[in-house]
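Both backbone and side-chain heavy atoms feed into the values below; hydrogens, waters and symmetry mates do not. Whatever order the structure lists ligands and atoms in, that order sets their numbers, starting from 1.
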Amino acid sequence: MIGRFAPSPTGPLHFGSLLAALASYCDMKSQGGLWRLRMEDLDKPREMAGAAQHILQTLEDFGFEWDGEVIYQSQRSDLYQDTLNQLKAKSLVYDCDCSRKEIADSAQHGIDGLVYPGTCRHKAVVKAPHARRVIVDDQPIAFTDAIQGNIQQNLAHDVGDFVLKRADGLFAYQLAVVVDDVEQGVTDIVRGADLLDSTPRQIYLQQRLGYPLPQYAHIPVASNAAGEKLSKQTLAPAINATRASAWLIQALHFLDQQPPQELTAQSPREILKWATQHWDINLVPQQRSIVF
Ligand SMILES: [Zn+2]
């Protein structure tokens, strides 16, 4: 069994990412599996210099131990292109030169932004530069999330044909994640519920590529009082190693793991040991977000 933690190096580790690290770590280590790391640094302009190194140092200071080498998405474009070519060979990919405005003028709102209406599916000539989209179908995609329960989505209705490679040449998150998870042998994905709506797109790609389907568990995300997910953009407080034990205890409370009072005086390593031994995914609140 293999789990993973996949932060984006857009800033230092914050409480929201600590939750995902802790939950995926405990879930995997409690079952004797491996826990892998990868940096989701596809979007270089959004990256903060030094953040990747800072995140790794913070994880170490918090007592986390990962298995194998850390992989960096920015170094894996060839792999993503190969996979895009495989989908192209199955006639599942087309070029799209629609501008943002053209899409906004004709599209309906869906589960995660606008539903692309398929304008370019049958266009004979497409201008450069253009994006690449994958053709979706009008079929329900259903899965059982270990925390959030039964989830169902119809990609044609809720999302539309989605982008795999942007017009500026960047590979889309949905494609990169699917390729990396299969390459890293990931069997169990534990991550924030802000990604729950992306999961059917990833399952669709896994199905089309003939990949094994991982198990999913989406933990509630920490949000501010306005309901926005804690992130660098919403000015989430950075967590620091000097208070690592206190942050870990707080994260365990957030995930309803009920750490005993005396654990607060322990080292981060001891807290992680307790958390792994007592991890109970059934206690994690079945909510998409919780105000922190
Ligand atoms: Zn188009």
Aromatic ring proximity F62/W247, centre distance under 6.0 Å:
no
Chi angles and distances behind the side-chain hydrogen bond (donor to acceptor under 3.5 Å, both in side chains) call for Y204, D137:
CA-CA 9 Å; Y204 178 75; D137 55 19; 4.6 Å; no
Flag this pair as yes if the NZ/CZ of R36 is under 6.0 angstrom from the six-membered ring centre of F5 and inside a 45 degree cone about the axis; otherwise no.
no
How about Q174 and S198: does a side-chain donor come under 3.5 Å of a side-chain acceptor?
yes
Hey, what's the angle at the Zn ion (ligand 1) spanning SG (C120) and SG (C96), nearest 10 degrees?
130°
Is the distance between the Zn ion (ligand 1) and the nearest N/O/S atom of T119 smaller than 2.8 Å?
no
Is the Zn ion (ligand 1) under 2.8 Å from any N, O or S atom of H130?
no
